[in-house]
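This is the structure I have questions about; it appears just below.
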2 protein chains.
Amino acid sequence: MEASTRRARRHDPDRRDKLIAATLDIIAEHGVAGVSHRTVARAADVPLGSTTYHFTSLDDLLAAAFTRHADSIAGVFEERMRAAPDRAAAIESVAEHISGDLLDANHDLVLSVELYGAAARKPVLRAVTQAWMRRSREALEHHFDPTTAREVDALIEGLVLHSALSTDPMTPAQVRAALHRFLP
Amino acid sequence: MEASTRRARRHDPDRRDKLIAATLDIIAEHGVAGVSHRTVARAADVPLGSTTYHFTSLDDLLAAAFTRHADSIAGVFEERMRAAPDRAAAIESVAEHISGDLLDANHDLVLSVELYGAAARKPVLRAVTQAWMRRSREALEHHFDPTTAREVDALIEGLVLHSALSTDPMTPAQVRAALHRFLP
DNA sequence: CCTCCATGTGTACGAGCGTACATAACGATC
DNA sequence: GATCGTTATGTACGCTCGTACACATGGAGG
């Protein structure tokens, strides 16, 4: 342990992570408007000063949180597409993805929509959504041509949103039917 | 002028309307987080007290503003669908709708996305989005069967969102192609 | 013309906000 | 074990916030 551990951190195992996780929880429950240094610090059970130490500003914290969220969802989707052996299996995976085993209606969805709203106004976050969209499209391109991938990506977005906001959401069978109409 | 004008308002031609319009402008520019009694009053050029007089709370004002927005968009879309003489014309109208002559990227879109985000957390606003979705679907049903209408409604949502958030948005021709793939 | 009361406004209060910054805590180095 | 500099925290400041509420104001009924 000479040169290798020279730069080891003192005694902060995962403060940054805890702060980001707490931020995401707050956004999911109260929206971006509910995020403040104090609410985050309370939720993460850390002192107030810790939030300004690890993130230079609130915007910085929000960007980190949204980046983590987008990366997480994109990673799971990529994994699903990579695991699908063929086109039919890929379609089935997409249907499952939409029907909500991943986007459990009241957490990930709110995070995604809040991200869209913030991204529409802040260039930094716009870059996050774009990277996410690109990864989704590329994952779909393992099974579909680029044009189709792009269109299906948009269709997924719309189906997820409508499913989440509707009191009468589409059943998994209806979702599958819609996909198969698009991908005969 | 006896009984009929007894209940006429004193000298407030359209204060409520001005407040709602100002609120929508602020949401479009700064998000729901930017809405406060003071920012709205300043934007509408009315005294602070006027905001609490016409709306019992901020949530009340936000609900009124989002309702106005949803009604407005739904109304325009209904009109477009009603005006389309046949199925082909309807598809063309939908394509134009998506390609942005209506949702000019940085105003109506932000409003819609902010509404989605708020609706995912507040039941009152959820009702607003549901009424909007129902009207859209019914408008589409002038030209398509209910199942198709529902699927196209979702597709529209996804295409609008992706167009708005992408630096490389789909061209009108690509949007048209996607629609025709779904509606051969 | 006077009175009255619904309609509309200005001010004030307590709370919470982002952020700066002086200071404490503590591992590494000698 | 003494020193030092990075890492981390508590406190304080100036500001904006939502909302309550006392007061102005001006048309309607006498």
Side-chain angles (χ1 to χ4, degrees), chain A residues 1-23 25-27 29-66 114 118 121-122 124-125, chain B residues 1-23 25-27 29-66 114 118 121-122 124-125:
Chain A
M1 298 186 175
E2 290 135 29
S4 65
T5 50
R6 277 263 221 68
R7 299 265 78 220
R9 286 196 225 95
R10 213 87 65 70
H11 67 73
D12 178 45
D14 42 15
R15 266 292 171 70
R16 247 188 97 91
D17 284 356
K18 272 175 63 179
L19 286 169
I20 289 177
T23 303
D25 285 345
I26 291 171
I27 297 173
E29 199 168 350
H30 304 289
V32 174
V35 175
S36 76
H37 286 115
R38 287 165 176 83
T39 55
V40 170
R42 215 171 298 140
D45 195 35
V46 302
L48 171 59
S50 191
T51 60
T52 56
Y53 177 74
H54 288 282
F55 300 92
T56 60
S57 74
L58 256 196
D59 278 350
D60 196 35
L61 173 56
L62 283 173
F66 277 131
E114 291 278 338
R121 277 175 287 105
K122 304 212 179 174
V124 182
L125 296 178
Chain B
M1 295 187 173
E2 292 134 28
S4 65
T5 51
R6 277 263 221 66
R7 301 265 78 220
R9 290 197 222 95
R10 213 88 65 70
H11 66 75
D12 177 45
D14 42 15
R15 266 292 170 70
R16 247 187 97 92
D17 284 356
K18 272 174 64 179
L19 285 169
I20 289 177
T23 302
D25 286 346
I26 291 172
I27 297 173
E29 199 168 350
H30 301 105
V32 173
V35 175
S36 76
H37 286 115
R38 287 166 176 81
T39 55
V40 170
R42 215 171 298 140
D45 195 36
V46 302
L48 170 61
S50 191
T51 59
T52 56
Y53 178 74
H54 288 283
F55 300 92
T56 60
S57 74
L58 256 195
D59 279 349
D60 196 35
L61 173 56
L62 282 173
F66 277 130
E114 292 278 338
R121 278 175 288 105
K122 306 214 178 171
V124 182
L125 296 178

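Quick caveat, the model's predicted, so the values are computed rather than measured. In what follows, every chain begins at residue 1, and chains take the letters A, B, ... in the order their sequences are listed. Scope of the values below: all heavy atoms of this structure, side chains included, with no hydrogens, waters or symmetry mates.
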task: Assign A:Val40 to base, sugar-phosphate, or nothing according to its heavy-atom contacts below 4.0 angstrom with the strands shown.
output: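 Nothing, no heavy atom under 4.0 Å.
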
Atom-to-atom span, CZ of B:Arg16 to C1' of C:dG8 - whole angstrom: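 After rounding, the reported distance stands at 15 Å.
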
task: Starting at atom NE2 of B:His54, determine the distance to atom P of D:dT19, rounded to an integer number of angstrom.
output: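 Spelled out: NE2 on B:His54 to P on D:dT19 is 16 Å.
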
field: Atom pair distance, as rounded to whole Å: CG in A:Leu19 and C1' in D:dT7
entry: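 In whole Å, D:dT7 C1' lies 15 Å from A:Leu19 CG.
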
message: Between P on C:dT9 and CZ on B:Arg38, what's the gap in Å once rounded to a whole number?
response: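 Checked: the CZ to P distance equals 16 Å.
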
message: Could you check whether the side chain of B:Arg15 and the base of C:dG8 have a donor-acceptor pair of N or O atoms closer than 3.5 Å, going by distance alone?
response: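 Counting by modelled atom types and ignoring angles, no donor-acceptor contact under 3.5 Å is found here.
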
query: How do A:Gly34 and A:Gly49 order along DNA chain C: which one's closest nucleotide is nearer the 5' end?
result: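 Mapping each residue to its closest nucleotide by heavy atoms, the 5'-most match is A:Gly34.
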
message: On the nucleotide D:dA8, are OP1 or OP2 found under 4.0 Å from the side-chain N or O atoms that A:Ser50 carries?
response: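 Indeed not, no polar side-chain atom of A:Ser50 lies that close.
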
field: Of the listed nucleotides D:dT19, D:dC17, D:dG10, the one nearest the side chain of B:Thr39
entry: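 The nucleotide sitting nearest to the side chain is D:dC17.
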
task: Rounded to the nearest angstrom, tell me the gap between atom CG in B:Asp59 and atom C1' in D:dT19.
output: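 The distance from CG of B:Asp59 to C1' of D:dT19 comes to 13 Å, rounded to the nearest Å.
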
Between C:dG16 (P) and B:Leu58 (CG): distance, integer Å: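 Answer to the nearest Å: 17 Å.
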
task: Using a cut-off of 6.0 Å, state whether more than 12 heavy atoms not belonging to A:Lys18 lie near its atom NZ.
output: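 Enclosed: over 12 neighbouring heavy atoms sit under 6.0 Å from NZ of A:Lys18.
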
- prompt: Is there a donor-acceptor pair under 3.5 Å between the side chain of B:Glu114 and the backbone N or O of B:Gly31?
  reply: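 No.
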
message: Let me spell it out: for each of A:Val46 and B:Thr56, pick the nucleotide of DNA chain D with the closest heavy atom. Which residue's pick is nearer the 5' end?
response: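 Of the two residues, A:Val46 wins.
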
- request: State whether B:His37 places a side-chain N or O below 4.0 Å from either non-bridging phosphate oxygen (OP1 or OP2) of D:dC17.
  value: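 No, because none of the side-chain N or O atoms of B:His37 sits under 4.0 Å from OP1 or OP2 of D:dC17.
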
- prompt: At their closest point, which heavy atom of A:Ala63 faces which heavy atom of A:Val124, and how far apart are they?
  reply: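 Reported closest heavy-atom pair: CB-CG1, 4.4 Å.
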
query: Within the structure shown, what part of the strands sits under 4.0 Å from B:Ser36 by heavy-atom distance: base, sugar-phosphate, or nothing?
result: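 Since only primed, P, OP1 and OP2 atoms lie under 4.0 Å of B:Ser36, the category is sugar-phosphate.
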
query: Is a side-chain N or O of B:Arg15 found less than 3.5 angstrom from the main chain of B:Ser50, in a donor-acceptor match?
result: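 A pair under 3.5 Å: no.
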
field: Euclidean distance, atom CG of residue A:Leu48 to atom C1' of C:dG18 [Å, nearest integer]
entry: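 The distance from CG of A:Leu48 to C1' of C:dG18 comes to 9 Å, rounded to the nearest Å.
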
message: Under a 3.5 Å distance rule, please check whether B:Thr39 uses its side chain to pair with a backbone N or O of B:Gly34 as donor and acceptor.
response: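 Judged by distance alone, yes, a pair lies under 3.5 Å.
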
- prompt: Given atom OH of A:Tyr53 and atom C1' of C:dA24, what is their separation to the nearest angstrom?
  reply: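 So the two atoms are 14 Å apart, to the nearest Å.
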
